[in-house]
Visitor: 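Mind looking over this structure? Questions follow.
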Amino acid sequence: MVQLVITILIYLLFVIPVGIYMYHIAAGKHTFADPVFDRVDHAIYRLSGIKPEKGMNWKQYALALIGTNGVMILLGYLILRIQSLPIFNPNHIGNMDPSLSFNTIISFMTNTNLQHYAGESGLSYFSQMMVITFMMFVSAATGYAACVAFIRGITGRSKESVGNFYVDLVRITTRILIPFSIIGGLLLVWQGVPQNFGENIIVQTIEGTSQVIATGPVAALEIIKHLGTNGGGFLGANSSTPIENPTMLTNLIEMYSMMLLPGACVITFGKMAHDRKKEKSAEKLGITSKIFGKEGRSIFAAMGILFLIGLTICFVSESNGNPALADVGLRQTMGNMEGKEVRFGVAQSAMFTTVTTSFTTGTVNNMHDTLTPMGGFVPLLHMMLNVVFGGKGVGLMNMILYAILAVFICGLMVGRTPEYLGKKIEGKEMKLTALCIIIHPLLILAFSALAISTTAGQAGITNEGFHGLTQILYEYASSAANNGSGFEGLADNTLFWNITTGIVMFFGRYLSIIIQLAIAGSLMKKNFVNESSGTLKTSTFSFAVILVFVVYIFAALTCMPERTLGGLSENQTRRSRG
């Protein structure tokens, strides 16, 4: 428990300055690095014909986002289909087949990074760099740009512009993702993560057999896969292999990298909301209000509560070990170590599992298929919630929708028109909010039902009973949440699974972003209303608690029935058999 507490405290020390730095970039304020980055950005604007002073409304912003992503999808698909060309291909990897190419390019452009292939045998180095690593940068920048535009819309005073997508894409890439990746990548190389263009190494084992050791430009991919909350590994075993994650220090670097920017987005939101209210001139602020902003403080607290509850359940479940083995009297002094690396143990495995599915990264340092039923319940639940910090700004946008839902429910209880950030929440915003919240479980449940009811879907199930159902739910929850982690064991590289998960990833990403930008566009046109004695305070800890209850109530209505048929029933069955 001590190492988990220390890990979280160190994270808070990192996320605060990064959040303030990100706020300055989002708000267009001065930073210490402007003399360098201004020149780089302006050179890109001139080459690309971007007019940084030209703003966009929410529709123009959404069209620019989807159009840019669409062009990248076509180019990436083409590269995967011709990757057998002898360009950075020392291992002579062949072309990727059409359905897998479709799944892969949708996966990486939507920031999901679900992998139905093994990276070391399925991709050339050229594809790893020009498709996978490149997509990890632009998909993450796209998500953070949408988040910044959303924040501007719901907090700003402008009624016309949410910003310029191309400017946001460039600034987030050049000022955040690239410099942070260079620093983190060098730290990984220092700890032993490979970064080269040599072919795979074949060695003789002690037993006299041959073993292939994969190398290549691993470190460059490894850092942005975490920093951009991407998750796709250079190798099929992802960060559970020493090639990608060789030491405890690299494990912490990778974990902090995926936690950093989602948490920083909340601070950015809080400080931008604080700017609008001009609270500094009105009252003295406490330390947490100065750091997070009042509105950001309550959102961060709600996310933190959800995260800590999930982490506790996962850690305790894995520490207690397999319930079936415990019931027959077998002691598990190290806890449930199946599928885990000994160098990380239960504590850091549970922490990594909770982080990667809370921050929707998808990277793994242990196999989630081997978690205990209740330990596996946590990552699946957090992907279904998709609000526990989340990745690339999506978690913040989703949590703000729950905040709008919470003030609407509380407004109904006291008979007042609900307000959030000084704007009235009316029928249009509530319809869009409800639609956006419902899309996520609808995609998961509808396609899970399709997989269960068709021969092609059932063919991928490799475990009978409740565990087999969990395999399906996990695959589609991971796809809809743009997470990308796999439950493993599922035979997913088939036409059915490649196409259906590709569809879920596409709509799970872009439908939500479009609706959220529409909500921001609607709110930004409304006039501010003055607070009164009946206004619900959304900057308090009590509102954070209300927010947690609203999230869990919605989860109970949409997620618990199928989870009861999956992990919870499996847990009870194991105990009964024991």
Side-chain angles (χ1 to χ4, degrees), residues 4-5 8 11-12 15 154 259 262-263 265-267 269-270 273 288-289 291-317 350-351 353-355 357-360 374 377-391 393-414 418-421 425 430 433-434 436-438 440-441 477 481 483 512 516 535-561 563-564 568:
L4 296 182
V5 171
I8 293 172
Y11 164 66
L12 293 175
V15 75
I154 64 174
M259 298 169 72
C265 281
V266 182
I267 297 176
F269 160 71
T288 56
S289 297
I291 293 172
F292 296 97
K294 283 194 171 183
E295 300 294 340
R297 179 182 59 185
S298 60
I299 296 292
F300 197 94
M303 291 177 169
I305 291 170
L306 292 169
F307 176 80
L308 291 175
I309 291 173
L311 175 61
T312 302
I313 294 173
C314 187
F315 174 67
V316 172
S317 299
M351 182 72 175
T353 296
T354 309
V355 166
T357 48
S358 298
F359 293 78
T360 64
M374 289 306 298
F377 172 83
V378 171
L380 185 50
L381 176 63
H382 282 194
M383 289 189 298
M384 287 181 166
L385 296 178
N386 204 19
V387 297
V388 190
F389 289 101
V394 171
L396 172 63
M397 292 191 287
N398 289 340
M399 183 59 92
I400 290 176
L401 295 188
Y402 277 99
I404 292 174
L405 181 61
V407 297
F408 180 77
I409 294 172
C410 293
L412 290 178
M413 294 172 65
V414 298
E419 301 168 10
Y420 188 63
L421 299 180
I425 307 300
M430 282 313 306
T433 297
C436 193
I437 291 175
I438 289 172
H440 184 64
N483 181 267
S512 296
Q516 287 160 343
T535 301
L536 175 67
K537 298 289 186 180
T538 58
S539 59
T540 62
F541 183 76
S542 60
F543 181 75
V545 175
I546 292 173
L547 200 49
V548 170
F549 276 102
V550 169
V551 170
Y552 276 142
I553 289 171
F554 188 83
L557 295 173
T558 59
C559 303
M560 288 308 295
R563 291 306 299 122
T564 301
L568 298 179

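What you are looking at is a predicted structure, and each value in this text was computed from that prediction instead of being measured.
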Visitor: Rounded to the nearest 0.5 Å, what's the gap from CD1 on Ile438 to OG1 on Thr433? Could you check?
Guide: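 Ile438 atom CD1 to Thr433 atom OG1 measures 10.5 Å (nearest 0.5 Å).
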Visitor: Please evaluate residues Ile8 and Leu308 with respect to the criterion side chain to side chain contact (heavy atoms under 4.5 Å, CB included), reporting the C-alpha separation (whole Å), side-chain torsions for both, the decisive distance (0.1 Å), and the verdict.
Guide: CA-CA 10 Å; Ile8 293 172; Leu308 291 175; 3.7 Å; yes
Visitor: Using modelled atom types and a 3.5 Å cut-off, is there a donor and acceptor pairing between side-chain atoms of Arg297 and backbone atoms of Gly270?
Guide: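 No; zero donor-acceptor contacts below 3.5 Å.
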Visitor: To the nearest 0.5 Å, how far apart are SG in Cys265 and CE in Met397?
Guide: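 Spacing of SG (Cys265) from CE (Met397) equals 8.5 Å.
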Visitor: Among Val387, Thr538, Val266, which residue meets the side chain to side chain contact (heavy atoms under 4.5 Å, CB included) test with Ile299?
Guide: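 Only one of Val387, Thr538, Val266 forms a side chain to side chain contact (heavy atoms under 4.5 Å, CB included) with Ile299, namely Val266.
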Visitor: Minimum heavy-atom separation for Leu405 to Ile437, with atom names?
Guide: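 What the structure gives for the nearest pair is CD2-CD1, 4.1 Å.
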Visitor: Go through the structure and list residues passing side chain to side chain donor-acceptor pair (under 3.5 Å) with Asn398, not counting sequence neighbours.
Guide: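 Asn398 satisfies side chain to side chain donor-acceptor pair (under 3.5 Å) with Gln516 only.
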Visitor: Would you give the length of the straight line joining atom CD1 of Ile313 to atom CG of Leu381, rounded to the nearest 0.5 angstrom?
Guide: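 Here the interatomic distance stands at 8.0 Å.
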Visitor: Less than 4.5 Å apart, any side-chain heavy atom of Leu421 and any of Phe269?
Guide: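 Leu421 reaches Phe269 side chain to side chain.
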Visitor: In Å, rounded to the nearest 0.5 Å, how long is the span from CD1 of Ile409 to CD1 of Ile404?
Guide: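 Between atom CD1 of Ile409 and atom CD1 of Ile404 there are 12.5 Å.
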Visitor: Please enumerate all residues that pass ring pair (Phe, Tyr, Trp, His ring centres under 6.0 Å) together with Phe543, with sequence neighbours excluded.
Guide: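 Applying ring pair (Phe, Tyr, Trp, His ring centres under 6.0 Å) to Phe543 gives none.
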Visitor: Go through the steps for Ile154 and Glu295 under the test side chain to side chain contact (heavy atoms under 4.5 Å, CB included), then give the verdict.
Guide: CA-CA 12 Å; Ile154 64 174; Glu295 300 294 340; over 6 Å; no
Visitor: Which is it for Asn386 and Thr360 under the side chain to side chain contact (heavy atoms under 4.5 Å, CB included) test, yes or no, and what are the steps along the way?
Guide: CA-CA 7 Å; Asn386 204 19; Thr360 64; 3.3 Å; yes
Visitor: Val407 and side chain to side chain contact (heavy atoms under 4.5 Å, CB included): which single residue from Val550, Leu547, Ile546, Leu536 fits?
Guide: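 Going through Val550, Leu547, Ile546, Leu536 one by one, the side chain to side chain contact (heavy atoms under 4.5 Å, CB included) with Val407 is satisfied by Leu536 alone.
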Visitor: When rounded to the nearest 0.5 angstrom, what is the spacing between CE in Met259 and OH in Tyr11?
Guide: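 Going from CE on Met259 over to OH on Tyr11, the span is 5.0 Å.
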Visitor: Check side-chain contact (heavy atoms from CB on, under 4.5 Å) between Ser358 and all other residues, then give those that pass, not counting sequence neighbours.
Guide: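 Expected list: Phe307, Thr354, His382, Val388.
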Visitor: Please give me the minimum heavy-atom distance between Phe300 and Gly263, naming the atom from each residue.
Guide: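 Taking every non-hydrogen atom into account, CE1-O, 4.1 Å.
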Visitor: Would you name the heavy atoms of Gly395 and Met303 that are closest together and state the gap between them?
Guide: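 Residues Gly395 and Met303, closest heavy atoms: O-CE, 3.6 Å.
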Visitor: Please work out which of the three classes, parallel, tilted or perpendicular, describes the rings of Phe359 and Phe389, given edges at 30° and 60°.
Guide: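 Judged by the thresholds at 30° and 60°, the geometry between Phe389 and Phe359 is parallel.
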Visitor: With a 3.5 Å distance limit and no angle check, can you tell me whether His440 reaches the backbone of Met384 through a side-chain donor-acceptor pair?
Guide: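 Yes; judged by distance alone, with no hydrogens or angles, the pair exists.
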Visitor: Within a strict 4.5 Å, meaning less than it, do heavy atoms of the Ile309 and Tyr552 side chains meet?
Guide: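 In contact.
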Visitor: Checking Tyr420 side chain against Ala403 main chain: does a donor-acceptor pair fall under 3.5 Å?
Guide: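 No: the side chain of Tyr420 does not pair with the backbone of Ala403.
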Visitor: Taking it one step at a time, do Val551 and Met399 satisfy side chain to side chain contact (heavy atoms under 4.5 Å, CB included)?
Guide: CA-CA 9 Å; Val551 170; Met399 183 59 92; 4.2 Å; yes
Visitor: Nearest heavy-atom pair of Pro262 and Gly390: which atoms, and what distance?
Guide: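 For Pro262 versus Gly390, the nearest heavy atoms are CB-O, 2.9 Å.
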Visitor: Show the nearest heavy-atom pair for residues Ala544 and Ala302, with the distance to one decimal.
Guide: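 Ala544 and Ala302 have their closest heavy atoms at O-CB, 3.7 Å.
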